[in-house]
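Input: a single structure, listed below in C-alpha coordinates.
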Amino acid sequence: MTSVAVVGTGTVGSMALWRLAERGIHAVGFDAYAPGHDRGAAGGESRIFRTAYKEGPRYVPLLREARGLWAELERTSGRRLLAPVGGVTAGPREHPKVRAVLDAARAHDLPVEVLKGEQARRRVPEHPLRDGEIMVVDHDAGFLRPEPAVGAAATAAERAGARVARYTPVRELREDADGVTVLAEDGEHRFTHAVLAPGPWAATSGLLPEPLARALTTRAITSTWFPRRDESLFDPGRCPVAIRVGEPAYSCFPAVDGAGVKINLHVPWEEIASPAALARSVPVAYVRQVARAVAGTLPGLGPDPVRVATYCDAFTPDGHGLLGRHGRTVLAAAFSGHGFKLAPVLGDIVADLVENGATARDIGHLAPNRTLRRSP
Ligand SMILES: Cc1cc2nc3c(=O)[nH]c(=O)nc-3n(C[C@H](O)[C@H](O)[C@H](O)COP(=O)(O)OP(=O)(O)OC[C@H]3O[C@@H](n4cnc5c(N)ncnc54)[C@H](O)[C@@H]3O)c2cc1C
(Lines give C-alpha, C1' and ligand atoms only; values in the text may rest on other atoms or scores of the structure.)
Protein backbone atom coordinates (compact mmCIF):
# COMPACT_ATOMS: atom_id res chain seq x y z
CA MET A 1 0.00 0.00 0.00
CA THR A 2 1.26 3.49 -0.86
CA SER A 3 2.19 5.55 2.20
CA VAL A 4 3.63 9.06 2.03
CA ALA A 5 5.60 11.30 4.37
CA VAL A 6 5.08 14.98 3.56
CA VAL A 7 8.00 16.94 5.01
CA GLY A 8 6.79 20.49 5.65
CA THR A 9 3.09 21.25 6.07
CA GLY A 10 3.37 24.90 5.05
CA THR A 11 1.82 26.31 1.90
CA VAL A 12 2.57 23.53 -0.56
CA GLY A 13 2.93 20.62 1.88
CA SER A 14 -0.48 21.20 3.48
CA MET A 15 -2.12 21.26 0.04
CA ALA A 16 -0.24 18.09 -0.99
CA LEU A 17 -1.39 16.37 2.20
CA TRP A 18 -5.00 17.40 1.49
CA ARG A 19 -4.92 16.21 -2.14
CA LEU A 20 -3.22 12.91 -1.20
CA ALA A 21 -5.73 12.23 1.59
CA GLU A 22 -8.65 13.06 -0.75
CA ARG A 23 -7.40 10.26 -3.03
CA GLY A 24 -7.43 7.83 -0.12
CA ILE A 25 -3.62 7.66 0.07
CA HIS A 26 -2.17 7.15 3.56
CA ALA A 27 -0.20 10.33 4.29
CA VAL A 28 1.54 11.83 7.33
CA GLY A 29 2.73 15.44 7.38
CA PHE A 30 5.74 16.47 9.49
CA ASP A 31 6.39 20.08 10.40
CA ALA A 32 9.00 21.76 12.53
CA TYR A 33 6.20 24.09 13.67
CA ALA A 34 2.47 23.73 12.89
CA PRO A 35 0.26 24.50 9.88
CA GLY A 36 -0.47 28.22 9.53
CA HIS A 37 2.67 29.53 11.28
CA ASP A 38 4.35 32.70 10.02
CA ARG A 39 8.06 31.91 10.35
CA GLY A 40 8.47 30.77 6.73
CA ALA A 41 6.96 31.83 3.42
CA ALA A 42 3.28 32.01 4.39
CA GLY A 43 3.11 34.92 6.84
CA GLY A 44 1.85 38.47 6.44
CA GLU A 45 -1.93 38.22 6.10
CA SER A 46 -2.38 38.41 2.30
CA ARG A 47 -1.11 36.99 -0.98
CA ILE A 48 -1.97 38.04 -4.52
CA PHE A 49 -3.88 35.67 -6.79
CA ARG A 50 -3.74 36.60 -10.49
CA THR A 51 -4.11 34.78 -13.80
CA ALA A 52 -2.74 37.12 -16.53
CA TYR A 53 0.71 36.01 -15.47
CA LYS A 54 3.79 38.07 -16.27
CA GLU A 55 5.98 35.12 -15.24
CA GLY A 56 4.82 33.26 -18.36
CA PRO A 57 1.71 32.01 -20.18
CA ARG A 58 2.59 28.41 -19.25
CA TYR A 59 1.31 29.13 -15.75
CA VAL A 60 -2.17 30.16 -16.90
CA PRO A 61 -3.72 26.64 -17.12
CA LEU A 62 -2.25 25.86 -13.68
CA LEU A 63 -3.69 29.09 -12.28
CA ARG A 64 -7.13 28.30 -13.69
CA GLU A 65 -7.04 24.93 -11.95
CA ALA A 66 -5.70 26.52 -8.78
CA ARG A 67 -8.66 28.90 -8.73
CA GLY A 68 -11.10 25.97 -8.86
CA LEU A 69 -9.26 24.19 -6.06
CA TRP A 70 -9.23 27.33 -3.88
CA ALA A 71 -13.03 27.36 -4.27
CA GLU A 72 -13.15 23.68 -3.33
CA LEU A 73 -11.06 24.33 -0.22
CA GLU A 74 -13.39 27.20 0.71
CA ARG A 75 -16.40 24.87 0.39
CA THR A 76 -14.72 22.08 2.35
CA SER A 77 -13.51 24.35 5.15
CA GLY A 78 -16.43 26.78 5.27
CA ARG A 79 -13.88 29.63 5.29
CA ARG A 80 -13.45 32.52 2.89
CA LEU A 81 -9.87 32.30 1.65
CA LEU A 82 -9.85 34.17 -1.68
CA ALA A 83 -11.32 37.68 -1.94
CA PRO A 84 -12.11 38.08 -5.68
CA VAL A 85 -11.57 41.85 -5.82
CA GLY A 86 -9.69 41.76 -9.14
CA GLY A 87 -6.18 43.01 -9.74
CA VAL A 88 -4.35 45.62 -11.76
CA THR A 89 -0.87 45.93 -13.21
CA ALA A 90 0.07 49.59 -13.58
CA GLY A 91 3.08 51.07 -15.31
CA PRO A 92 4.59 52.41 -18.52
CA ARG A 93 2.68 51.17 -21.58
CA GLU A 94 5.80 49.60 -23.13
CA HIS A 95 7.25 48.12 -19.94
CA PRO A 96 8.23 44.45 -20.56
CA LYS A 97 6.18 43.28 -17.56
CA VAL A 98 3.06 45.11 -18.78
CA ARG A 99 3.61 43.49 -22.19
CA ALA A 100 4.10 40.09 -20.50
CA VAL A 101 0.75 40.43 -18.69
CA LEU A 102 -0.99 41.27 -21.98
CA ASP A 103 0.81 38.42 -23.80
CA ALA A 104 -0.32 35.87 -21.20
CA ALA A 105 -3.89 37.18 -21.43
CA ARG A 106 -3.86 37.03 -25.24
CA ALA A 107 -2.37 33.52 -25.32
CA HIS A 108 -5.19 32.19 -23.15
CA ASP A 109 -8.05 34.50 -24.05
CA LEU A 110 -8.29 35.93 -20.54
CA PRO A 111 -10.83 38.69 -19.89
CA VAL A 112 -8.47 41.62 -19.20
CA GLU A 113 -9.19 45.32 -19.75
CA VAL A 114 -6.76 48.14 -20.44
CA LEU A 115 -7.54 51.43 -18.66
CA LYS A 116 -5.92 54.84 -18.89
CA GLY A 117 -6.53 58.48 -18.03
CA GLU A 118 -9.86 59.50 -16.53
CA GLN A 119 -11.37 56.01 -16.85
CA ALA A 120 -8.58 54.52 -14.69
CA ARG A 121 -8.87 57.37 -12.17
CA ARG A 122 -12.61 56.78 -11.80
CA ARG A 123 -12.42 52.99 -11.56
CA VAL A 124 -9.32 52.66 -9.37
CA PRO A 125 -8.80 55.99 -7.54
CA GLU A 126 -6.30 54.38 -5.15
CA HIS A 127 -3.71 53.96 -7.92
CA PRO A 128 -3.29 57.14 -9.98
CA LEU A 129 -1.41 56.74 -13.25
CA ARG A 130 1.37 58.99 -14.48
CA ASP A 131 1.81 60.23 -18.05
CA GLY A 132 2.33 57.38 -20.51
CA GLU A 133 1.12 54.73 -18.05
CA ILE A 134 -1.69 52.23 -18.43
CA MET A 135 -3.45 49.81 -16.14
CA VAL A 136 -4.26 46.21 -17.10
CA VAL A 137 -7.23 44.85 -15.13
CA ASP A 138 -7.24 41.10 -14.40
CA HIS A 139 -10.82 40.24 -13.43
CA ASP A 140 -9.81 36.81 -12.13
CA ALA A 141 -7.40 38.25 -9.56
CA GLY A 142 -7.81 38.93 -5.85
CA PHE A 143 -6.12 38.26 -2.54
CA LEU A 144 -5.72 35.09 -0.51
CA ARG A 145 -5.48 34.77 3.29
CA PRO A 146 -2.29 32.72 3.75
CA GLU A 147 -2.33 31.68 7.42
CA PRO A 148 -6.00 30.52 7.46
CA ALA A 149 -5.55 28.90 4.02
CA VAL A 150 -2.68 26.69 5.19
CA GLY A 151 -4.62 25.82 8.35
CA ALA A 152 -7.72 25.01 6.28
CA ALA A 153 -5.79 22.66 3.97
CA ALA A 154 -4.21 20.82 6.92
CA THR A 155 -7.60 20.46 8.62
CA ALA A 156 -9.19 19.23 5.38
CA ALA A 157 -6.35 16.70 5.08
CA GLU A 158 -6.88 15.50 8.65
CA ARG A 159 -10.63 15.16 8.07
CA ALA A 160 -9.87 13.08 4.97
CA GLY A 161 -7.68 10.73 7.05
CA ALA A 162 -4.16 12.26 7.01
CA ARG A 163 -2.15 12.84 10.17
CA VAL A 164 -0.06 15.93 10.97
CA ALA A 165 2.95 15.51 13.26
CA ARG A 166 3.31 19.06 14.63
CA TYR A 167 6.56 20.42 16.12
CA THR A 168 8.37 17.41 14.66
CA PRO A 169 11.35 18.46 12.54
CA VAL A 170 12.71 15.93 10.07
CA ARG A 171 16.50 15.53 10.21
CA GLU A 172 17.12 13.14 7.33
CA LEU A 173 15.49 11.02 4.62
CA ARG A 174 17.06 7.65 3.71
CA GLU A 175 15.81 6.16 0.48
CA ASP A 176 16.33 2.54 -0.62
CA ALA A 177 14.82 0.22 -3.23
CA ASP A 178 11.64 -0.43 -1.19
CA GLY A 179 10.86 2.86 0.45
CA VAL A 180 11.95 5.88 2.45
CA THR A 181 12.94 6.07 6.12
CA VAL A 182 12.16 9.40 7.76
CA LEU A 183 14.40 10.32 10.67
CA ALA A 184 12.37 12.80 12.67
CA GLU A 185 12.64 14.36 16.12
CA ASP A 186 10.30 11.67 17.50
CA GLY A 187 12.04 8.67 15.90
CA GLU A 188 12.17 6.71 12.64
CA HIS A 189 9.20 6.18 10.34
CA ARG A 190 8.91 4.10 7.19
CA PHE A 191 6.94 5.06 4.04
CA THR A 192 6.83 3.98 0.41
CA HIS A 193 7.27 7.60 -0.77
CA ALA A 194 8.18 11.06 0.51
CA VAL A 195 7.32 14.62 -0.47
CA LEU A 196 9.83 17.34 0.29
CA ALA A 197 8.16 20.73 0.76
CA PRO A 198 10.46 22.56 3.20
CA GLY A 199 9.89 26.04 1.71
CA PRO A 200 12.57 28.58 2.66
CA TRP A 201 14.49 25.83 4.45
CA ALA A 202 15.10 24.09 1.08
CA ALA A 203 18.59 25.50 0.58
CA THR A 204 19.91 24.77 4.06
CA SER A 205 18.02 21.84 5.62
CA GLY A 206 20.30 19.22 4.06
CA LEU A 207 17.20 17.33 2.85
CA LEU A 208 17.30 18.27 -0.84
CA PRO A 209 19.75 16.43 -3.10
CA GLU A 210 22.91 18.15 -4.30
CA PRO A 211 23.78 19.93 -6.51
CA LEU A 212 20.16 21.16 -6.48
CA ALA A 213 20.20 22.60 -2.96
CA ARG A 214 23.40 24.52 -3.72
CA ALA A 215 21.68 26.30 -6.62
CA LEU A 216 18.99 27.73 -4.31
CA THR A 217 19.04 30.91 -2.25
CA THR A 218 16.98 31.97 0.76
CA ARG A 219 15.76 35.55 0.51
CA ALA A 220 14.02 37.91 2.91
CA ILE A 221 10.95 39.83 1.71
CA THR A 222 9.81 42.78 3.82
CA SER A 223 6.19 43.91 4.02
CA THR A 224 5.16 47.37 5.23
CA TRP A 225 1.67 48.56 6.19
CA PHE A 226 0.71 52.22 5.66
CA PRO A 227 -2.34 54.01 7.15
CA ARG A 228 -5.15 55.24 4.87
CA ARG A 229 -5.88 58.99 4.68
CA ASP A 230 -9.46 58.25 3.63
CA GLU A 231 -11.39 55.22 4.93
CA SER A 232 -13.37 54.96 1.69
CA LEU A 233 -10.18 54.04 -0.19
CA PHE A 234 -8.40 50.64 -0.18
CA ASP A 235 -11.63 48.96 0.96
CA PRO A 236 -10.87 45.20 1.13
CA GLY A 237 -14.32 44.41 -0.25
CA ARG A 238 -13.81 46.46 -3.40
CA CYS A 239 -10.27 47.70 -4.03
CA PRO A 240 -8.22 45.51 -6.41
CA VAL A 241 -4.76 44.24 -5.57
CA ALA A 242 -2.15 46.13 -7.55
CA ILE A 243 1.28 45.54 -8.98
CA ARG A 244 3.18 48.63 -10.05
CA VAL A 245 6.05 48.01 -12.47
CA GLY A 246 8.81 50.39 -13.52
CA GLU A 247 10.15 52.81 -10.93
CA PRO A 248 9.11 52.37 -8.17
CA ALA A 249 7.89 48.77 -8.34
CA TYR A 250 5.77 47.13 -5.64
CA SER A 251 2.68 45.10 -4.88
CA CYS A 252 -0.13 46.74 -2.91
CA PHE A 253 -3.03 45.15 -1.05
CA PRO A 254 -6.24 46.75 0.24
CA ALA A 255 -6.62 47.29 4.00
CA VAL A 256 -7.32 43.64 4.81
CA ASP A 257 -7.34 44.15 8.60
CA GLY A 258 -9.17 47.48 8.30
CA ALA A 259 -6.09 49.48 9.31
CA GLY A 260 -3.03 49.14 7.11
CA VAL A 261 -2.45 48.96 3.35
CA LYS A 262 0.34 46.46 2.70
CA ILE A 263 3.15 47.35 0.32
CA ASN A 264 5.86 44.88 -0.74
CA LEU A 265 8.58 46.78 -2.54
CA HIS A 266 9.93 44.88 -5.56
CA VAL A 267 13.65 45.31 -5.09
CA PRO A 268 16.37 42.65 -5.28
CA TRP A 269 15.47 40.76 -2.12
CA GLU A 270 18.32 40.28 0.33
CA GLU A 271 19.91 36.85 0.51
CA ILE A 272 20.05 35.45 4.03
CA ALA A 273 22.01 32.49 5.42
CA SER A 274 18.85 30.63 6.52
CA PRO A 275 15.32 31.36 7.81
CA ALA A 276 16.79 31.31 11.33
CA ALA A 277 18.88 34.34 10.35
CA LEU A 278 15.82 36.43 9.47
CA ALA A 279 16.28 39.78 11.23
CA ARG A 280 13.32 41.32 13.03
CA SER A 281 14.64 44.83 12.58
CA VAL A 282 14.52 46.40 9.12
CA PRO A 283 17.19 48.90 7.99
CA VAL A 284 16.01 52.52 8.13
CA ALA A 285 17.26 52.95 4.55
CA TYR A 286 14.68 50.37 3.42
CA VAL A 287 11.86 52.11 5.31
CA ARG A 288 12.87 55.42 3.70
CA GLN A 289 12.89 53.79 0.27
CA VAL A 290 9.38 52.38 0.62
CA ALA A 291 8.11 55.66 2.15
CA ARG A 292 9.49 57.51 -0.91
CA ALA A 293 7.70 55.08 -3.23
CA VAL A 294 4.43 55.64 -1.36
CA ALA A 295 4.83 59.44 -1.30
CA GLY A 296 5.49 59.46 -5.05
CA THR A 297 2.66 57.19 -6.23
CA LEU A 298 0.02 56.57 -3.52
CA PRO A 299 -1.45 59.92 -2.35
CA GLY A 300 -4.22 58.08 -0.45
CA LEU A 301 -1.74 56.77 2.13
CA GLY A 302 -0.09 58.41 5.13
CA PRO A 303 3.68 58.98 5.00
CA ASP A 304 5.05 56.38 7.43
CA PRO A 305 4.46 52.65 7.91
CA VAL A 306 2.62 51.56 11.05
CA ARG A 307 3.85 47.99 10.79
CA VAL A 308 6.88 46.30 9.23
CA ALA A 309 7.51 42.54 9.07
CA THR A 310 9.92 40.29 7.21
CA TYR A 311 9.29 36.79 5.84
CA CYS A 312 11.32 34.60 3.49
CA ASP A 313 11.15 32.18 0.59
CA ALA A 314 13.55 29.92 -1.32
CA PHE A 315 14.50 30.99 -4.84
CA THR A 316 15.86 29.20 -7.91
CA PRO A 317 18.19 31.12 -10.27
CA ASP A 318 15.49 31.29 -13.00
CA GLY A 319 12.56 32.19 -10.73
CA HIS A 320 10.54 29.03 -11.44
CA GLY A 321 9.95 26.54 -8.63
CA LEU A 322 10.95 22.88 -8.41
CA LEU A 323 8.32 20.19 -8.89
CA GLY A 324 9.09 16.64 -9.94
CA ARG A 325 10.09 13.12 -8.92
CA HIS A 326 13.56 12.30 -7.65
CA GLY A 327 13.55 8.56 -6.97
CA ARG A 328 10.75 7.81 -4.49
CA THR A 329 10.63 11.43 -3.39
CA VAL A 330 8.62 14.27 -4.90
CA LEU A 331 10.42 17.62 -4.69
CA ALA A 332 8.09 20.61 -4.31
CA ALA A 333 10.12 23.62 -3.27
CA ALA A 334 11.66 27.01 -4.05
CA PHE A 335 8.61 28.70 -5.51
CA SER A 336 10.63 31.89 -5.71
CA GLY A 337 8.31 34.50 -4.24
CA HIS A 338 5.22 33.62 -6.29
CA GLY A 339 4.08 30.14 -5.25
CA PHE A 340 1.19 30.83 -2.91
CA LYS A 341 -1.53 31.31 -5.50
CA LEU A 342 -0.55 28.04 -7.19
CA ALA A 343 -0.40 25.96 -4.01
CA PRO A 344 -3.56 23.84 -4.36
CA VAL A 345 -2.75 22.77 -7.91
CA LEU A 346 0.87 22.14 -6.92
CA GLY A 347 -0.48 19.90 -4.14
CA ASP A 348 -2.67 18.03 -6.62
CA ILE A 349 0.27 17.55 -8.98
CA VAL A 350 2.31 16.18 -6.06
CA ALA A 351 -0.47 13.61 -5.58
CA ASP A 352 -0.27 12.71 -9.32
CA LEU A 353 3.50 12.28 -9.06
CA VAL A 354 3.19 10.02 -6.01
CA GLU A 355 0.32 7.98 -7.40
CA ASN A 356 1.32 7.65 -11.06
CA GLY A 357 4.95 8.81 -11.22
CA ALA A 358 3.84 11.45 -13.76
CA THR A 359 1.24 14.15 -14.35
CA ALA A 360 -0.80 15.28 -17.35
CA ARG A 361 -0.25 18.93 -16.37
CA ASP A 362 2.46 20.95 -18.12
CA ILE A 363 5.19 21.36 -15.49
CA GLY A 364 8.27 21.14 -17.74
CA HIS A 365 9.38 24.62 -16.65
CA LEU A 366 9.49 23.37 -13.03
CA ALA A 367 11.54 20.21 -13.71
CA PRO A 368 14.13 19.78 -10.92
CA ASN A 369 16.61 18.28 -13.41
CA ARG A 370 16.76 21.41 -15.61
CA THR A 371 20.03 23.31 -15.64
CA LEU A 372 20.13 25.64 -12.64
CA ARG A 373 23.25 27.63 -11.96
CA ARG A 374 23.62 30.29 -9.31
CA SER A 375 25.08 33.49 -10.64
CA PRO A 376 28.54 33.92 -9.07
C1 LIG B 1 6.56 38.34 1.94
C2 LIG B 1 6.15 37.40 0.84
C3 LIG B 1 5.18 37.80 -0.06
C4 LIG B 1 4.75 36.92 -1.06
N5 LIG B 1 3.73 37.29 -1.89
C6 LIG B 1 3.18 36.38 -2.72
C7 LIG B 1 1.99 36.70 -3.43
O8 LIG B 1 1.44 37.81 -3.32
N9 LIG B 1 1.45 35.72 -4.22
C10 LIG B 1 2.01 34.48 -4.35
O11 LIG B 1 1.48 33.64 -5.07
N12 LIG B 1 3.14 34.16 -3.68
C13 LIG B 1 3.72 35.07 -2.87
N14 LIG B 1 4.83 34.75 -2.14
C15 LIG B 1 5.45 33.43 -2.30
C16 LIG B 1 4.72 32.33 -1.55
O17 LIG B 1 4.22 32.80 -0.31
C18 LIG B 1 5.69 31.17 -1.37
O19 LIG B 1 6.25 30.81 -2.63
C20 LIG B 1 5.00 29.95 -0.77
O21 LIG B 1 4.32 30.31 0.43
C22 LIG B 1 6.05 28.87 -0.49
O23 LIG B 1 5.43 27.78 0.14
P24 LIG B 1 6.30 26.59 0.73
O25 LIG B 1 5.37 25.50 1.08
O26 LIG B 1 7.41 26.31 -0.22
O27 LIG B 1 6.97 27.21 2.06
P28 LIG B 1 6.32 27.38 3.53
O29 LIG B 1 4.91 27.81 3.42
O30 LIG B 1 7.25 28.22 4.34
O31 LIG B 1 6.31 25.91 4.10
C32 LIG B 1 7.49 25.20 4.41
C33 LIG B 1 7.21 24.37 5.65
O34 LIG B 1 8.22 23.41 5.83
C35 LIG B 1 8.47 23.28 7.21
N36 LIG B 1 9.80 22.69 7.35
C37 LIG B 1 10.96 23.14 6.83
N38 LIG B 1 11.98 22.30 7.12
C39 LIG B 1 11.44 21.28 7.83
C40 LIG B 1 11.97 20.09 8.42
N41 LIG B 1 13.27 19.77 8.32
N42 LIG B 1 11.14 19.27 9.10
C43 LIG B 1 9.81 19.56 9.20
N44 LIG B 1 9.26 20.68 8.66
C45 LIG B 1 10.06 21.52 7.99
C46 LIG B 1 8.35 24.69 7.73
O47 LIG B 1 8.12 24.75 9.12
C48 LIG B 1 7.17 25.21 6.92
O49 LIG B 1 5.95 25.00 7.60
C50 LIG B 1 5.33 35.62 -1.17
C51 LIG B 1 6.34 35.24 -0.28
C52 LIG B 1 6.74 36.10 0.72
C53 LIG B 1 7.80 35.65 1.68
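Every number for a ligand or one of its atoms is a count from 1 in the order of the listing.
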For the backbone of Leu81 and the side chain of Glu74, can you confirm whether one donor and one acceptor N or O come within less than 3.5 Å of each other? yes

Side chains of Lys54 and Thr89 only: does a donor on one sit below 3.5 Å from an acceptor on the other? no

State whether a side-chain donor-acceptor pair under 3.5 Å links Thr168 with Asp186. no

Glu45 with Arg307: basic N within carboxylate O range, under 4.0 Å: yes

Just need the protein heavy atom nearest to atom 10 (C) of ligand 1, so name the residue and atom and give the distance. Lys341 NZ, 3.2 Å

Just to confirm my output: which protein heavy-atom neighbour is closest to atom 15 (C) of ligand 1, and how far is it? Gly337 C, 3.3 Å

Quick test: of every protein heavy atom, which one is nearest to atom 43 (C) of ligand 1, and how far off is it to 0.1 Å? Ala32 N, 3.2 Å

Will you find, in the side chains of His139 and Glu113, an N or O donor that is under 3.5 Å from an N or O acceptor? yes

Asp348 with Arg361: basic N within carboxylate O range, under 4.0 Å: yes

Given that the side chain starts at C-beta and the backbone is N, CA, C, O, which of these parts of Thr222 lies under 4.0 Å from ligand 1, counting heavy atoms, or is it both or neither? neither

Options Val6, Val241, Asp31, Thr9, ranked by nearest heavy atom to atom 49 (O) of ligand 1, top entry: Asp31

Quick one: nearest non-hydrogen protein atom to atom 24 (P) of ligand 1, plus distance? Gly199 CA, 3.8 Å

Looking only at protein heavy atoms, which one is nearest to atom 50 (C) of ligand 1, and what is the separation? Arg47 NE, 3.4 Å

Please step through side chain to side chain contact (heavy atoms under 4.5 Å, CB included) for the pair Thr316 and Leu216, ending with a clear verdict. CA-CA 5 Å; Thr316 60; Leu216 308 181; 3.8 Å; yes

Enumerate the atoms of ligand 1 whose separation from the nearest heavy atom of Pro169 is less than 4.0 angstrom. 42 (N), 43 (C)

Checking contacts here: is it the side chain or the backbone of Leu144 that comes within 4.0 Å of ligand 1, counting heavy atoms only? Could be both or neither. neither

For a quick check under 3.5 Å, do Thr51 and Asp138 share a side-chain donor-acceptor pair by atom type? yes

Mode of Phe30 contact toward ligand 1 - side chain, backbone, both, neither (heavy atoms, under 4.0 Å): backbone

Close aromatic pair by centroid cut-off 6.0 Å: Tyr311 and Trp269: no

Which residue and atom name correspond to the protein heavy atom nearest atom 9 (N) of ligand 1, and how close is it? Ile48 O, 3.1 Å

I want to check a possible cation-pi pair here: Arg39 against Tyr33, using under 6.0 Å from ring centre and within 45° of the ring axis as the test. yes

What atoms of ligand 1 come within less than 4.0 Å of a heavy atom belonging to Tyr311? 1 (C), 53 (C)

Does even one non-hydrogen atom of Ala197 get within less than 4.0 Å of ligand 1? yes

Under 4.0 Å, heavy-atom basis, I'd like to know which part of Arg171 is in contact with ligand 1: side chain, backbone, both or neither. neither

Could you check atom 12 (N) of ligand 1 against the protein and tell me its nearest heavy-atom contact, residue, atom and distance included? Phe340 N, 3.2 Å

Could you tell me how the ring of Tyr53 sits relative to the ring of His338: parallel (under 30°), tilted (30 to 60°) or perpendicular (over 60°)? tilted

Over 60° means perpendicular and under 30° means parallel, so classify the ring planes of Tyr59 and His365, tilted if in between. perpendicular

Nearest heavy atom to atom 53 (C) of ligand 1: which of Ala5, Cys312, Ala149 does it belong to? Cys312

Protein heavy atom at shortest distance from atom 25 (O) of ligand 1: Val12 N, 2.9 Å

Which atoms of ligand 1 have any heavy atom of Trp201 under 4.0 Å away? 37 (C), 38 (N), 46 (C), 48 (C)

Quick one: does ligand 1 sit under 4.0 Å from the side chain of Ser205, the backbone, both or neither, non-hydrogen atoms only? neither

Which atoms of ligand 1 have any heavy atom of Gly40 under 4.0 Å away? 30 (O)

Quick one: does atom 39 (C) of ligand 1 have a protein heavy atom under 4.0 Å from it? no

